[in-house]
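Reading through the structure tokens given below for one structure.
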Amino acid sequence: KAGVTQTPRYLIKTRGQQVTLSCSPISGHRSVSWYQQTPGQGLQFLFEYFSETQRNKGNFPGRFSGRQFSNSRSEMNVSTLELGDSALYLCASSRSASGSNTDTQYFGPGTRLTVL
Amino acid sequence: AQSVAQPEDQVNVAEGNPLTVKCTYSVSGNPYLFWYVQYPNRGLQFLLKYITGDNLVKGSYGFEAEFNKSQTSFHLKKPSALVSDSALYFCAVRDMGQAGTALIFGKGTTLSVSS
């Protein structure tokens, strides 16, 4: 079974631009979560989507948004990029069958975003 | 609020020796606990998890972890370290009463195994 895939793997943008990252979960997985990883703040939870609905949201400004499609694929968008948005953005999927919260999250390789 | 602490930024161990990477947690209810490993320029790989039952959990690549409720700890262990175990290790927690599968991660511990 294929793992979680994320595109693109690397991205360079300038301040003020906006960016869209994509995530395809493991087949059959209905929950997708996004995390930001930086050297200073570590791994921080952005948001989680389940059945096209945002189920949880971390403490990030409204410039960070996401969505999930009917095939469970997810995108996240960052508008008005700032230098501090430079990070590795990780997507994770889990089965989350029947809304269960015991499932393991499986991570993709990440998208490395650099903001100049 | 949920939180995870990994008190050591780095752990150094010689190949063949046992290793321990420490983790303590804080949740309002009962915890679900996870360990992940990250190699350079890669995503996180799942090692093991504690949901309920036996306090000693066995996982991938010979790793195991012991859940200790009274000490609110979930330390990762391996009887004999390999150079290839050198990586960044993350402990994570989820509150049993929480909706969804989002995780709170510790800051990570770099494991360095010398030959």
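So you know, we letter chains A, B, ... as the sequences are listed, proteins then strands, and number each from 1.
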Lys13(A) NZ: over 12 foreign heavy atoms closer than 6.0 Å: yes
Same apolar cluster (I L V M F W Y, side chains within < 4.5 Å links), Val37(B)/Phe74(B): yes
Region of Ile51(B) in contact with chain A, defined by heavy-atom distances below 4.5 Å: side chain
Under 4.5 Å from a heavy atom of chain A, the part of Gln38(B) involved: side chain
Shortest non-hydrogen separation from Asp95(B) to Asn101(A) and the atoms involved: O-ND2, 3.7 Å
Heavy atoms of other groups near Arg15(A) CZ, more than 12 under 6.0 Å: no
Minimum heavy-atom distance Phe34(B)-Thr102(A), with the two atoms named: CZ-O, 4.5 Å
Part of Arg42(B) lying under 4.5 Å from any heavy atom of chain A: backbone
Pairwise side-chain contact, Arg55(A) with Thr101(B), heavy-atom cut-off 4.5 Å (strictly under): yes
Any donor-acceptor N/O pair, Lys49(B) side chain to Asp103(A) backbone, under 3.5 Å: no
Greater than 12 external heavy atoms within 6.0 Å of Tyr39(B)'s OH: yes
Contact summary for Phe90(B) and Gln37(A), nearest pair of heavy atoms: CZ-NE2, 3.5 Å
Path from Val19(A) to Phe60(A) over hydrophobic side-chain contacts below 4.5 Å: yes
Distance-minimising heavy-atom pair for Asn56(A) and Ala102(B): ND2-CB, 4.4 Å
Donor-acceptor under 3.5 Å (Lys107(B) side chain, Leu43(A) main chain): no
N/O donor-acceptor pair under 3.5 Å between Tyr35(A) side chain and Leu103(B) backbone: yes
Main-chain N/O of Asn41(B) paired to Arg112(A) side chain as donor or acceptor, under 3.5 Å: no
Distance in Å, Tyr32(B) OH paired with Thr104(A) OG1, rounded so as to fall on 0.5 Å steps: 11.5 Å
Asn59(A) atom CG, over 12 foreign heavy atoms within 6.0 Å: no
Single-linkage hydrophobic cluster, 4.5 Å side-chain cutoff, Phe107(A) and Leu21(A) together: no
Full working for side-chain contact (heavy atoms from CB on, under 4.5 Å) between Tyr36(B) and Gln105(A): CA-CA 10 Å; Tyr36(B) 287 85; Gln105(A) 287 195 333; 3.7 Å; yes
Side chain to side chain, Ile104(B) and Gln44(A), heavy atoms closer than 4.5 Å: no
